[in-house]
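Keep in mind that this is a model prediction, so the values were computed, not measured. Side-chain atoms are counted along with the backbone in the values below, which use heavy atoms only and exclude waters and symmetry mates.
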Amino acid sequence: MSTAERREHAYDLARVRSDFPILARSVHDKPLVYLDNAASSQKPRAVIDAESRVYEECYANVHRGVHELSMKATDAYEGARAVIQRFLGAASSEEIVYTRGTTEAVNLVASTWGRKNVGAGDEILITGLEHHSNIVPWQLLCEEKGAQLRVVPISDAGEVALEAIEKAITPRTRLVSVAHVSNALGTVLPVKRIAALAHAHGALMFVDAAQSVPRMTVDVRDLDCDFLGFSGHKAYGPTGIGALYARAEHLKAMPPYQGGGDMILSVTFEKTTYNDIPYKFEAGTPNIAGAIALGAALDYLTHLGLDRIAAHEDALLAYATEQASKIEGLTLVGTAREKVGVLSFTLEGIHPHDIGTVLDYEGIAIRTGHHCAQPVMDRFGIPATARASFGLYNTFEEIDALVAGIRKVQEMFA
Amino acid sequence: MSSELRELYQEVILDHSKKPRNLREIAGGRKADGMNPLCGDRATVYLELDGDVVKDASFVGKGCSISTASASMMTEAVKGRTRAEAEALFERFHDLVTGDPSKPGTGGADLGKLAVFSGVCEFPVRVKCAALPWHTMKAALENAPEPVSTE
């Protein structure tokens, strides 16, 4: 009996796996081992059905029809907003703005709150482990306003010291924007304590929760953040939908994002009165079916239990780390004490791309490259890593398959 | 191992990736930089021209086995060729790795050793790896100032 078979699972894993139709398929005649969850996760039947049910049973445009279907669609669309509100622990559903994902959530805040509140000489503070989507929108804002983007460096383990953040906050810091969990390294940042530091110095706090929302309980009031963005597709929901949480007081003071229908109360050629929050930020016909299916995805996670998901993924990561550490020539990239979901590594003398191609032929899907975090790669002096990232449906046997695959790669390129 | 994978990682390719030939700089020659930022592949290609003839070719860089082997074998292949021959070779190599069905299939028969790259066309995401050193070589021939990318 292998070590993997002796592990206990936090829930009925076989049953959970059967909820995800794609997991039954094979790749290159091998059972699919999907370990690219940090890039995007697979969808349970409940999500797939929720999306198709919208189109089959109650589809119409939202917020503007007096007819039955429009009202039904509106109820489901707003119902999903309430699901997101409860999922994130927000005080009210008016604090939830639908976006295309985390990237748009960052861009929305940068171009509305940022344009209004950030001026020449002001500072935005981020860390060295950010995804490009939490770097570039702030660079654009800083360039436009003559502001400074300051970066708190990461340690060799891929951690960010609280003291370093405190030191980097100045009276000119307007916003601290950090990832809750690093997509490239798996490091968990103490965002609650960072938010407290930011607030103590008069700055606001944005949390990029793209990687944390699928893996752990995220409560915006507990974290006491001002803004938080996440993506549906990484949380077992559809692509092209996500949300921005923002405190109501900020949303009320922020100028609109895009102009168009649905974000107005009245329009004349002289003057337009904007709609209430959150609709002020939702111009145009939204991703109705996607939003409703995102609600189904979050319900699925709640039903399974975020604590149990976290416990399962922690056990997977511990097992994977232990097994990977036995492989000679393998270097883990990112060894933070607080770490979840992600195993980034390099193999001596073998390029990550070759690792990815050979593993693919074993049916194992991992990500290779810079993971949209080039500054992280530069920090470690490497062009790329191979990254296995875990989801709620992964098994210990799949980690054994990964380890066997890595040994095969090494034999091939020895 | 699957047959496609064996086709991709042929012995010759593995050999060149582990022991790349002409891995050095050429002082005073032409050079161009190639970079695929998504993969992190980098190659600087150096050419020494004697009139119209490529007298020497070399490269410096880091990349996956496909791009390293491609760079190594490219430097061997273009050495001693005229500029026009090197450019023609570039075209034929490009057709080989992209598996362009509209081009008369030679299976790389006229490409000599370079035919080992025929397996690359089965791996669309790896075509850019094989192509990078060749595009960089072409840029060096043309004295192109901007870095080349095949992503």
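Heavy-atom distances place the side chain of B:L14, and not its backbone, under 4.5 Å from chain A. Neither the backbone nor the side chain of B:R42 comes within contact range of chain A; no heavy atoms are under 4.5 Å apart. Only the side chain of B:L8 comes within contact range of chain A, judged by heavy atoms closer than 4.5 Å.
Considering only heavy-atom pairs separated by less than 4.5 Å from chain A, the leading option among B:S67, B:P37, B:S17 is B:P37. Top candidate by heavy-atom pairs under 4.5 Å with chain B, chosen from A:I350, A:T357, A:T368, is A:T357.
Using a cutoff of 4.0 Å between basic side-chain nitrogens and carboxylate oxygens, B:R24 and B:D56 are scored as salt-bridged. Salt-bridge annotation for B:E85 and B:R81: absent, with no side-chain N of the basic residue lying under 4.0 Å from a carboxylate O of the acidic one. Ion pairing between B:K138 and B:E142 holds under the 4.0 Å rule for side-chain N and carboxylate O.
A:R17 meets the salt bridge (Lys or Arg N to Asp or Glu O under 4.0 Å) test with A:E398; sequence neighbours excluded.
Taking the six-membered ring for Trp and the full ring otherwise, B:H94 and B:H135 have centroids separated by under 6.0 Å. For A:H371 and A:H132, the ring centers are positioned 6.0 Å apart or more. Checked against a 6.0 Å centroid threshold, the rings of B:F123 and B:Y9 do not count as neighbours.
Rounded to the nearest 0.5 Å, atoms CG (A:N107) and OG1 (A:T102) are 11.0 Å apart.
Of residues 372-381 of chain A, those residues lying under 4.5 Å from chain B by any heavy-atom pair are A:Q374.
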